[in-house]
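Excluded from the calculations below are hydrogen atoms, water molecules and symmetry mates; all remaining heavy atoms, backbone and side chain alike, are included. Atoms within each ligand, like the ligands themselves, are counted from 1 in listed order. Along the sequence shown, residues carry numbers from 1.
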Amino acid sequence: MIDTIAAVSSGQPPAAIAVIRVSGPAAFAAGEALAGSLPSPRTAKLRTLRDPAGSVLDRVLMLAFPGPATATGEDLVEIHCHGGRAVVASILTTLVDSATVRLAEPGEFTRRALTNGRIDLTEAEGLADLLAAETEGQRRVAIAAAEGNVSRSIEGWITELAILSARIEAVLDYGEDDAVDEDIDAIALDARTLGTSIHDVASAPPVDALHRGIVVVLAGPPNAGKSTLLNLLAEQDAAIVSPIAGTTRDRIEVQVARGGLAYRLTDTAGLTRTDDIVEAIGVGRAEQAIDAGDIVLWLGDGAPPRQDAIRVHAKSDLPDRRVVPTNADVVISQSDPQSIEAVWNAISARAVTLIPSIDLVPLRAHQAELCRTAAHALLDATRDPLLLGENLRIALKALAAVTGADATEAMLDALFSRFCLGK
Ligand SMILES: Nc1nc2c(c(=O)[nH]1)N(C=O)[C@@H](CNc1ccc(C(=O)N[C@@H](CCC(=O)O)C(=O)O)cc1)CN2
Ligand SMILES: Nc1nc2c(ncn2[C@@H]2O[C@H](COP(=O)(O)OP(=O)(O)OP(=O)(O)O)[C@@H](O)[C@H]2O)c(=O)[nH]1
Ligand SMILES: [K+]
């Protein structure tokens, strides 16, 4: 027996209006018990909700959606009530007291949509990203995945694989005839062509950096002006600035949205040889941050710790900083706002190379990895029908893992724990 679940699906109270959703086999009975009668399917009607003793809970707008053509694939009732804390609590309590309904877990409505085949794993992951989206860039990519862009590409490839498999079956059935021998070459060629197109899509930058925020690490020797630059980029006093070398001891992270992208600006301890235990730990953390960062701003005069670092020549207003090294990418001074703008331009020019372009299939890194596995199996396609069949099976298995055909409970638990209550 499947539980019927209920939760607030709008923002949490207090609010002007709150939406409570009830999904499952007992949803309509529970709705009727509260409202006396349900509106006709998929139309909003005004109803007075009462508890079992007959006292009025609230006057609400209500909708009933008969399954399976619903967001969850089950019978679904929506109660649009007044958004006061006690109003919402009284309705939920009355629902749950009826014993046929329990409170939903985070993401449980969406999990049911997945279980009931209304959406696949890529769409569920897209929804999780959509709910977390804070910038326009994140939203655009997330809605594409939630609307099935990833799913459609994968399903298209799976269909092509099925056709290739059927062609191999035909060859195996007919055995070693000459005409058939030629056909195996054609199948292997088509498999490799498919492998190439999957590989192209899977080699584009994944969406992960876009969603988690592009990590920009400010690095350099002590006193180079890193914290000053961080504060100017973030337009806030996030890091302590002082003339004392070694002021910044630990990483300091500030989240900034700019040009529709999310950035995580990270100040680090100045890189130096030191006997101070705490400072040495800070230097170790700085080195880790430099390795893990998406973009490194290097404020030192010596060679940058990473070849791809953006070299920033800071404090250019000081007399002893007038000579600009020829390999500097940006020259800045704390009193020149245009020079800080130039740093942002250098950052965003680099950022666009790290995120997928909007016309591509927005893959997560783990999805791209599975697609590359499929692509490699196809690119290895040989003219031996048995080996070719095996390669097609490997490719199919990898692609099916993207859409979640064999997702384990643990994987789903991890995904849906990212969702909020009521989704
Ligand atoms: N009030 C409210 N707003 C909401 C949702 C909701 O559940 N309730 N959603 C929650 O996710 C999103 C909309 N998603 C939905 C997805 C499918 C269906 C649905 O009923 N689908 C049917 C019929 C489609 C149609 O009307 O043509 C279907 O797909 O067969 C409804 C909402 C965002 N806004
Ligand atoms: N004249 C001038 N001074 C600057 C400029 N940028 C930073 N400073 C000064 O340089 C000193 C060090 O600046 P910070 O930003 O703390 O340097 P840091 O690299 O974070 O230093 P650590 O914490 O030691 O790693 C401070 O006194 C700043 O005011 C600049 O553009 N011009
Ligand atoms: K500092």
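Protein heavy atom nearest atom 21 (N) of ligand 1, with residue, atom name and distance: Ala69 O, 3.9 Å. Atom 7 (O) of ligand 1 has Arg21 NH1, 2.7 Å as its closest protein atom, hydrogens excluded (heavy atom only). Among protein heavy atoms, the minimum distance from atom 31 (C) of ligand 1 is reached at Ala71 CB, 4.2 Å. The nearest protein atom to atom 11 (O) of ligand 1, hydrogens excluded, is given as Lys423 NZ, 2.9 Å; this is a heavy-atom distance.
Contacts between Leu318 and ligand 2 below 4.0 angstrom, taking non-hydrogen atoms only, involve the side chain exclusively. Looking at Ser242 against ligand 2, only its backbone comes within 4.0 Å, counting heavy atoms. Looking at Leu229 against ligand 2, nothing comes within 4.0 Å, counting heavy atoms.
For Ala245, no nitrogen or oxygen atom sits less than 3.5 Å from a nitrogen or oxygen atom of ligand 2, counting backbone and side chain alike. Between Gln334 and ligand 2, an N or O atom pair is found at a separation short of 3.5 Å. By the 3.5 Å distance cut-off applied to N or O atoms, Gly225 is counted among the residues near ligand 2. Annotation: Ala269 places no N or O atom under 3.5 Å from an N or O atom of ligand 2; distance criterion only. Below 3.5 Å of separation, one finds no N or O of Thr268 facing any N or O of ligand 2. By the 3.5 Å distance cut-off applied to N or O atoms, Asn223 is counted among the residues near ligand 2. Checked by distance only, ligand 2 and Ser316 stay at 3.5 Å or farther apart across all their nitrogen or oxygen atoms.
Of all the atoms in ligand 2, the ones that sit under 4.0 Å from a non-hydrogen atom of Asp317 are 1 (N), 2 (C), 30 (C), 31 (O), 32 (N). Short contacts between ligand 2 and Thr248, defined as distances under 4.0 Å to a heavy atom of the residue, involve ligand atoms 23 (O).
Ligand 1 lies out of reach of Val19, whose nearest heavy atom is not under 4.0 Å from it. Within the 4.0 Å heavy-atom shell around ligand 2 one does not find Gly220.
A donor atom on one side chain and an acceptor atom on the other are found under 3.5 Å apart for Ser40 and Thr43. For His211 and Glu134, the side-chain atoms include no donor-acceptor pair closer than 3.5 Å. Side-chain contact annotation: Asp317 with Ser333, donor-acceptor N/O pair under 3.5 Å present. With 3.5 Å as the limit, one finds a donor-acceptor pair spanning the side chains of Asp51 and Ser55. Side chain to side chain, Asp120 and Thr122 meet the donor-acceptor criterion of an N or O pair below 3.5 Å.
The pair Arg418-Asp129 meets the salt-bridge criterion, since a charged nitrogen lies less than 4.0 angstrom from a carboxylate oxygen. Salt-bridge annotation for Glu155 and Arg152: absent, with no side-chain N of the basic residue lying under 4.0 Å from a carboxylate O of the acidic one. A salt bridge between Arg372 and Glu369 is present, with a side-chain N of the basic residue lying under 4.0 Å from a carboxylate O of the acidic one. Between Glu74 and Arg21, none of the side-chain N atoms (NZ, or NE/NH1/NH2) sits under 4.0 Å from a carboxylate O, so this pair counts as no salt bridge. Comment: Arg111 engages Glu409 in a salt bridge, judged by a side-chain N to carboxylate O separation of less than 4.0 angstrom.
Checking side-chain atoms of Thr268 against main-chain N and O of Ala286 turns up no donor-acceptor pair under 3.5 Å.
Counting only non-hydrogen atoms, the option in Arg42, Glu78, Arg118 that gets closest to atom 19 (C) of ligand 1 is Arg42.
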